[in-house]
There are 2 protein chains.
Amino acid sequence: MGVIRKTKSVETLLAIFEQNKDAVSAVQLVDLLKDQMNKTTIYRVLERLESDGLVHSFMGKDGLKWYATCHGCSSAQHIDIHPHFQCQHCGKVDCLSVDMKIPSIPNRKINFSQILLIGECESCS
Amino acid sequence: MGVIRKTKSVETLLAIFEQNKDAVSAVQLVDLLKDQMNKTTIYRVLERLESDGLVHSFMGKDGLKWYATCHGCSSAQHIDIHPHFQCQHCGKVDCLSVDMKIPSIPNRKINFSQILLIGECESCS
DNA sequence: TTACTTTTGCAACTAAGTTGCAGTAAGAAA
DNA sequence: TTTCTTACTGCAACTTAGTTGCAAAAGTAA
């Protein structure tokens with residue numbers, strides 16, 4: 001890990017994440033890039049980008065995997081844990097920069113969290 | 001909705017939820033009951049129980065659907081929204097009775113939330 | 001260029017959850 | 001109790017997200 005080669009696929013995906021402030025689902029990427037690269041490649045590149053700390057992943061409300069760029073993470077640690085928002089109507093997801101206090105729970109060690117707020121986005125309400 | 005018949009399948013599932021304080025995944029139920037009822041039935045009964053306010057569902061960290069009994073909900077409204085905890089090692093999930101403040105986000109209407117805290121449970125740490 | 005290693009494409013697979021339809025059983029009405 | 005209606009169930013086939021194994025291609029360092 002950490003030795004990512006700068007291949008065409010990697011550059012293509014990174015470019016998409018740079019342009020895109022919102023999160024992008026794996027499914028969207030597979031569809032978007034279906035003429036340019038194989039879906040297996042997409043899933044594997046995303047895996048590599050994540051383990052390298054360039055993007056982070058989380059689950060959307062329907063059990064699909066979403067990805068977005070990281071800020072201040074590395075392969076050693078994903079510190080950029082923040083809530084996400086998903087619109088019930090259009091399905092769009094984005095990262096929120098608010099920070100929510102994680103309570104401590106007796107007898108359990110909490111390592112990270114996935115907070116998804118669900119509702120209506122600006123264009124849908 | 002609201003007109004649930006008390007069939008054998010419904011009673012079987014409700015009995016499991018009564019015995020079980022932890023949440024149960026659909027997959028676990030399908031496996032547990034594979035000799036007693038069809039998986040289609042399980043998914044459909046769960047759907048009915050949820051829309052009737054008897055159980056609530058949410059996504060686990062691996063994108064599987066989990067269910068747990070509701071307290072104080074009805075078909076009209078699922079008020080029993082609380083965080084869940086999932087153990088990274090054994091995969092077990094349970095409902096937490098802490099309550100977390102949901103921030104309000106400009107330009108977005110938040111209807112509900114899915115908060116999953118991930119870490120190590122008592123028996124795994 | 002050579003040699004080595006990572007990355008890619010392909011095809012086949014896995015697993016969760018869904019759908020359509022015909023048959024069965026709850027339970028209200030007679 | 002029997003009848004009738006409608007909800008419910010089982011089956012088989014399907015859909016879809018994501019994974020795996022392997023051979024071929026492309027990075028990279030020397």
Side-chain angles (χ1 to χ4, degrees), chain A residues 1-17 23-68 75 86 91-93 114 116, chain B residues 1-17 23-68 75 86 91-93 114 116:
Chain A
M1 302 162 196
V3 203
I4 281 196
R5 287 192 180 169
K6 277 178 195 157
T7 64
K8 206 169 176 179
S9 316
V10 168
E11 312 239 293
T12 306
L13 279 164
L14 280 180
I16 290 174
F17 283 112
V24 194
S25 71
V27 172
Q28 286 176 332
L29 290 169
V30 168
D31 184 62
L32 184 67
L33 301 172
K34 61 172 173 287
D35 298 324
Q36 294 170 64
M37 68 183 94
N38 191 275
K39 72 170 172 174
T40 310
T41 305
I42 297 176
Y43 282 106
R44 291 200 272 225
V45 170
L46 288 171
E47 222 169 60
R48 256 179 287 148
L49 295 181
E50 181 169 29
S51 76
D52 230 58
L54 298 172
V55 303
H56 60 280
S57 75
F58 54 93
M59 291 286 161
K61 68 183 177 58
D62 305 307
L64 297 193
K65 210 160 186 184
W66 289 75
Y67 288 87
S75 53
Q86 181 161 24
K92 208 172 76 175
V93 175
Q114 286 201 2
L116 186 64
Chain B
M1 304 167 191
V3 203
I4 280 197
R5 288 189 180 174
K6 278 179 194 157
T7 63
K8 208 170 177 180
S9 316
V10 168
E11 311 239 293
T12 305
L13 279 165
L14 280 180
I16 291 173
F17 283 112
V24 194
S25 71
V27 172
Q28 287 176 332
L29 290 169
V30 168
D31 184 63
L32 183 68
L33 301 172
K34 60 172 172 286
D35 298 324
Q36 295 171 62
M37 69 183 91
N38 191 275
K39 72 170 174 174
T40 309
T41 305
I42 297 176
Y43 283 105
R44 291 199 271 224
V45 171
L46 289 172
E47 221 169 61
R48 257 180 286 148
L49 295 180
E50 181 168 29
S51 77
D52 230 57
L54 299 172
V55 303
H56 60 280
S57 75
F58 54 94
M59 290 287 161
K61 67 182 177 62
D62 305 306
L64 297 193
K65 209 160 186 185
W66 290 76
Y67 287 88
S75 54
Q86 181 161 25
K92 208 172 78 176
V93 175
Q114 286 200 2
L116 186 63

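So you know, we letter chains A, B, ... as the sequences are listed, proteins then strands, and number each from 1.
For A:N38, the listed nucleotide lying nearest its side chain is C:dC10; candidates were C:dC10, C:dG17, D:dT28. In this structure, of D:dG10, D:dA17, D:dT9, it is D:dG10 that holds the atom nearest to the side chain of B:M37. Side-chain atoms of B:T40 lie closest to C:dT19 of the nucleotides C:dT7, C:dA16, C:dT19.
Using a 4.0 Å heavy-atom cutoff across all strands shown, B:V30 reaches no nucleic acid atom at all. In this structure, B:K65 reaches the sugar-phosphate backbone alone: every heavy-atom distance under 4.0 Å involves primed, P, OP1 or OP2 atoms, never a base. Residue A:K8 is out of contact with every strand shown, counting any heavy-atom pair closer than 4.0 Å. Within the nucleic acid shown, B:R44 comes within 4.0 Å of at least one base atom, counting heavy atoms only. Heavy atoms of B:T7 sit under 4.0 angstrom from primed sugar atoms or phosphate atoms, though from no base atom.
Here the P atom of nucleotide D:dA17 and the CG atom of B:L64 are 16 Å apart, to the nearest Å. Taking atom CD on B:E11 and atom P on C:dA25, their separation rounds to 16 Å, with Å as the unit. Put simply, CH2 on A:W66 is 12 Å from P on D:dA17, counting in whole angstrom units. Rounding to whole angstrom units, CG of residue B:D62 and P of C:dA15 are separated by 14 Å. Rounded to an integer number of Å, the gap from A:L13 CG to C:dT8 C1' is 13 Å. Distance B:Q28 CD to C:dG17 P: 11 Å, rounded to the nearest Å. Between B:E50 atom CD and C:dG17 atom C1' there is a gap of 14 Å when expressed in whole angstrom units. Per the geometry, CG belonging to A:L46 stands 14 Å off P belonging to D:dA17, to the nearest Å.
Residue side chain A:K39 reaches the base of D:dG18 through a donor-acceptor N/O pair under 3.5 Å, judged by distance alone. At a cut-off of 3.5 angstrom, counting only N and O atoms as typed in the model, there is a donor on one side and an acceptor on the other between the side-chain of B:R5 and the base of D:dT6.
Screening B:V93, B:I16, B:L46 for a side chain to side chain contact (heavy atoms under 4.5 Å, CB included) involving B:Y67 leaves a single residue, B:L46.
Side-chain N/O atoms of A:Y43 include one lying less than 4.0 angstrom from OP1 or OP2 on D:dG18.
Remark: side-chain polar atoms of B:Q86 are paired, donor with acceptor, to backbone N or O of B:K61 under 3.5 angstrom. In this structure a side-chain-to-backbone donor-acceptor pair under 3.5 Å is present from A:Q28 to A:S25.
Residues B:I42 and B:M37 come closest through the heavy atom pair CG1-CG, 3.6 Å. When all heavy atoms are compared, the tightest approach of A:M59 to A:Q114 is N-OE1, 3.5 Å.
Atom CG of B:L54 and atom CZ of B:F17 lie 10.0 Å apart (nearest 0.5 Å).
Looking at which nucleotide of DNA chain D each of B:I42 and A:V27 is closest to, the 5′-most match is held by B:I42. The residue among B:K6 and B:A26 whose nearest nucleotide of DNA chain C lies closer to the 5′ end is B:A26.
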